Engineer: 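Here it is: the structure, laid out below.
Just so it is clear, the model here is predicted, and its values are computed rather than measured.
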Amino acid sequence: MDLTSLAKPKIAILVAFLYTAFTGFGMFYTKAFRGITYGSPEMMNIFWFFVLVGFVMTAFVVTRYFGWSVVGFRKLDSRKLLWFTPYLALLTVMWTLLLRGLATTSLSAAQWQLFAIAGFTTLFVGINEEVIYRGMLLHGFLKPNQVFKAVLFNGIGFSLLHSVNVFAGAPPVAIAFQLFSTFLFGLVFGLMMLKLNHILPLILFHWFWDFALFTAPIVSPQVATTVSRISAAIYPIEIVVGVLLWLNLRKKQDAILDKIGITF
């Protein structure tokens, strides 16, 4: 398909749809043919291939139809990183628990290999999902006085992506909760993208967050339980930070577009 005739919002929707469909196929293959359910660290031994293919697609579309500065690789407003402080504090606690567990646990060579594969896979998950949703989808819909509409579409798309986890055996109740939590995450990180003016901090957080959650079970069930419980603190953080960000940004919509310096 020649995408040059499509507007950026349509290209962004198409890429999000294709990435969701391909991820869904990866989840189905993992469960149906390899017997591995969602959340198991072992799924990383298979899923790395799917996220790598997704990265190739994402990188091609960004390079050909958007441009890397358009999707968020711009000058970082480092003073605005203060908005990220609660997230970094929570991530520090999670990683402290993970590293303490590692220090008192003897892992096999196979487990260390799984750690490495998980690091590789979650890195590309972070890149793909942030560039597609906080990059292409968010920026594709940015128009004067419609900033929140763009943020909303990014949140909806990011939430729908996680519905495919049902194909990997995730329980429907867990999926319903994940749809809500990822929608909230998408909204807040969409606002954070506009505030920071750079996508890299979001990619790094996404990477370290997923890595901690997926590798904690390798260390021990106790570490996995503790890290998971601590991670739940992100929900009040997102609500408070999200409301404050929106109040701060809602009167600056035109200024945001001027700062980005992009015309769609």
Engineer: Phe205 vs Tyr87 aromatic rings, parallel, tilted or perpendicular, using cut-offs 30° and 60°?
Structural biologist: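 The rings of Phe205 and Tyr87 stand perpendicular, inter-plane angle above 60°.
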Engineer: Do Leu160 and Thr20 touch side chain to side chain, with heavy atoms closer than 4.5 Å?
Structural biologist: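 Side-chain contact under 4.5 Å: no.
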Engineer: Once the angle between the rings of Phe153 and Phe141 is folded into 0 to 90°, is it parallel (under 30°), tilted (30 to 60°) or perpendicular (over 60°)?
Structural biologist: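 If you compare the ring of Phe153 with that of Phe141, the planes turn out perpendicular.
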Engineer: Kindly state whether the ring of Phe115 and the ring of Phe211 have centres lying under 6.0 angstrom apart.
Structural biologist: yes
Engineer: Report yes or no: do Asn197 and Lys80 form a side-chain donor-acceptor pair below 3.5 Å?
Structural biologist: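 Their side chains do not contain a donor-acceptor pair, so the 3.5 Å distance test is not met.
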Engineer: Linking I/L/V/M/F/W/Y whenever their side-chain heavy atoms sit closer than 4.5 Å, directly or via other members, would Phe189 and Val243 fall into one cluster?
Structural biologist: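 Cluster IDs for Phe189 and Val243 differ.
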Engineer: Can you check whether Arg74's main-chain N or O pairs, donor with acceptor, with His198's side chain at less than 3.5 Å?
Structural biologist: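 Yes; judged by distance alone, with no hydrogens or angles, the pair exists.
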Engineer: For Gln178 and Ile175: C-alpha separation, side-chain torsions, deciding distance, then whether side chain to side chain contact (heavy atoms under 4.5 Å, CB included) applies.
Structural biologist: CA-CA 5 Å; Gln178 193 174 34; Ile175 290 295; 4.1 Å; yes
Engineer: Would you call Tyr133 and Leu138 a side-chain contact if the rule is heavy atoms closer than 4.5 Å?
Structural biologist: no
Engineer: Could you tell me if the side chain of Lys31 sits less than 4.5 Å from the side chain of Met43, heavy atoms only?
Structural biologist: no
Engineer: Mind telling me whether Phe73 and Trp68 have parallel, tilted or perpendicular rings, with 30° and 60° as the class edges?
Structural biologist: perpendicular
Engineer: Please work out whether the ring planes of His162 and Phe158 are parallel, tilted or perpendicular, with thresholds of 30° and 60°.
Structural biologist: perpendicular
